Amino acid sequence: MSIVIYAETENGKFKKTAFELASYGRAIADQSGTPLLAVTINQDDTEELARYGVDKVIKVNDVAFEEFTAQSYAEVVSTIAKENNANIIVLSSSANAKYIAPLVAVSLSAGYASNVVALPDSLAPLTLKRSCFTNKAFNTTSLVSGVNIIGLSNNSYGIKEHPSSAMETTNSSVSLSTSSLKVENIDKVVGKVTIADADVVVSGGRGLKGPENWYLIEDLAETLGAATACSKPVSDMGWRPHSEHVGQTGKPVASNLYIAIGVSGAIQHLAGINSSKVKVVVNIDPEAPFFKAADYGIVGDAFEVVPQLIEKLRAFKSS
Amino acid sequence: MKILVCISHVPDTTSKINFVNDESAFDTNGVQFIINPNDEFGLTRAIWMQQKHQAEVTVLTVGDINCEPTLRKCLAIGANKAFRIDMQPTDGFQVAQEIAAHCKKESYDLIIAGRESIDYNGAMVPGMIAGLLNYNFVTNCTSLEVEGNHATASREIDGGIENVSCELPLVIGAQKGLVEEKDLIIPNMRGIMQARQKPLEVIPATDSVAKSSILKFEKPAPKGAVKLIDADNIDLLIDLLHNEAKVI
């Protein structure tokens, strides 16, 4: 038996979620007395994983996996899990991890719980707390297969150092089956933090009055190294791309800090951002529902408050 | 072309969520049910293909008789026929097995399911259908074009868009972008009348087995009151975020 995590990388570096998965996997491995293995794909330097308690890294380095496809990456994770007799596989909540998880589940005939927010309540049967109804509730689910997959919500467990002095590293190969699916191209903004990976997210709503005023959101986000997001009406009106829409039918947000500027706080929006740890709202309307969901609030005009906030934050950051 | 759109019957996005039976079941009392929004984006895209490519659009749900008004609504929107697999599924794996078993008999070219339902948020059914049938799969799908046996599709990734091409059969995890909110079809009286005559066939479930079960539900702990900060005192906000919340 073993615990297997898929440690995701981007441009030769581990994603933050890889360390969170390792920390989480370590805690389960300690409870169950089984080794913690990490699968990496086309990553040369894997030493960093030793800091978070990984016992063994299994590297799959092959040009065939240069491009992510769900089928091929799912095959890598399933094959390594099978070869190592894994009984628990832990995946992140990145777009790619959520894409491969159901394929791995079918391939291993495994139980799968997504959006898991805490360590298991019990290991036999594997009982997990997960969010549902778009963060309006949680459910406790029991996975009853011999092999089970945990999809861990980003930023729900945190990163915990656990240096292991004797991390082993091995190379493995996985043969790729054929598929007619081809990645033609990827259109990705370079150097901009994504909503999924951001510690801080700054979001704008209709209160900003028009797309021409988005420099306020962008400047504030830049000051904080934050990702930018928007409410549903803003994306529906085409002020911002729908990739920025957060909420029930948009992207979920689980950042440490979420700052909402001119967002009224419809129930669907609040649901989507509810797993963020600290919420700040700036809105001219003191009756805006967001004030009921926020930790800190300023009743005021965004066009006056935000420039001041940017200026003071810059001073704070440079002090 | 034969298109299947898998429909989840879910509580309206504005519903208050409550639980009954010792917090073990969702309280449907007074809840308005709708087509899962991600499924509805997919259904609308399918109806466009019906108009452009003369595709036949079938909708299907796995659920009890209470789901039928939702299927009738899909027929009123323009689907040609509907199936209801008669069971109350325990988890997404079971739903996927039921749908895959049905698809093996019907040989659809394109299977569309919302990338996730807004109730259980499992985000597993479309991928599991694809896995069980060994079909191509694109989730978080924001655009889709089909010409003959060839499809091109876009997937929303973290921070961008990935464009792919593949052969049919294909399973799509639908979301906004496939069509926009304004494109959603509101059934008119003619559609509603026609929907009453369209076939809605109830089929028995197979012997699929769930791999998980829900033990209980709970609601998030109540939140403390917001700390209001004067608009002239931004320094205080920065101080609180730094020293109290420790997030900057």
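In this text, all values refer to a predicted model and were calculated from it rather than measured experimentally. The analysis underlying the following values was restricted to heavy atoms, covering all of them including side chains, and did not include hydrogens, waters or symmetry mates. Every chain is numbered from 1 and lettered A, B, ... according to where its sequence line falls, protein lines coming before strand lines.
- In terms of heavy-atom pairs under 4.5 Å with chain B, the best-connected choice from A:Q308, A:K192, A:E304 is A:Q308.
- No part of A:V193 comes within reach of chain B, as not one of its non-hydrogen atoms sits under 4.5 angstrom from that chain.
- Heavy atoms closer than 4.5 Å to chain B are found in both the backbone and the side chain of A:K136.
- Heavy-atom distances place the side chain of A:I267, and not its backbone, under 4.5 Å from chain B.
- The parts of A:V144 that come within reach of chain B are both its backbone and its side chain, each placing non-hydrogen atoms under 4.5 angstrom from that chain.
- For A:A315, no part sits under 4.5 Å from any heavy atom of chain B, backbone or side chain.
- Proximity to chain B (any heavy atom under 4.5 Å) is shown, for A:I100, by neither the backbone nor the side chain.
- The part of B:A210 that comes within reach of chain A is its backbone (N, CA, C, O), which places non-hydrogen atoms under 4.5 angstrom from that chain.
- Both the backbone and the side chain of A:N96 come within contact range of chain B, judged by heavy atoms closer than 4.5 Å.
- Side-chain contact annotation: A:Q268 with B:T13, donor-acceptor N/O pair under 3.5 Å present.
- For a residue to count as touching a neighbouring chain, one of its non-hydrogen atoms must lie under 4.5 Å from one of that chain's; by this rule A:A105 touches chain B with backbone and side chain alike.
- Side chain of A:S179 to backbone of B:N136: no donor-acceptor contact under 3.5 angstrom is found.
- In this structure, chain B has heavy atoms under 4.5 Å from both the backbone and the side chain of A:N185.
- Proximity to chain B involves both the backbone and the side chain of A:S109, based on heavy atoms less than 4.5 angstrom apart.
- Shown are B:I234, B:N233, B:D230; of these, the side chain to side chain contact (heavy atoms under 4.5 Å, CB included) with A:I298 is made only by B:I234.
- Of the two parts of B:L228, the backbone and the side chain both hold a non-hydrogen atom closer than 4.5 Å to a non-hydrogen atom of chain A.
- Of the two parts of B:E23, neither the backbone nor the side chain holds a non-hydrogen atom closer than 4.5 Å to a non-hydrogen atom of chain A.
- Taking CD1 from B:I214 and OG1 from A:T140, the interatomic distance works out to 9.5 Å, rounded to the nearest 0.5 Å.
- Of all residues in residues 225-237 of chain A, those placing a non-hydrogen atom less than 4.5 angstrom from a non-hydrogen atom of chain B are A:K232, A:S235, A:D236.
- Using a 4.5 Å cut-off between non-hydrogen atoms, the part of residues 289-297 of chain A that approaches chain B consists of A:F291, A:K292, A:A293, A:A294, A:D295, A:Y296, A:G297.
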Full working for side chain to side chain donor-acceptor pair (under 3.5 Å) between B:S165 and A:E184 | CA-CA 7 Å; B:S165 68; A:E184 300 291 347; 2.5 Å; yes
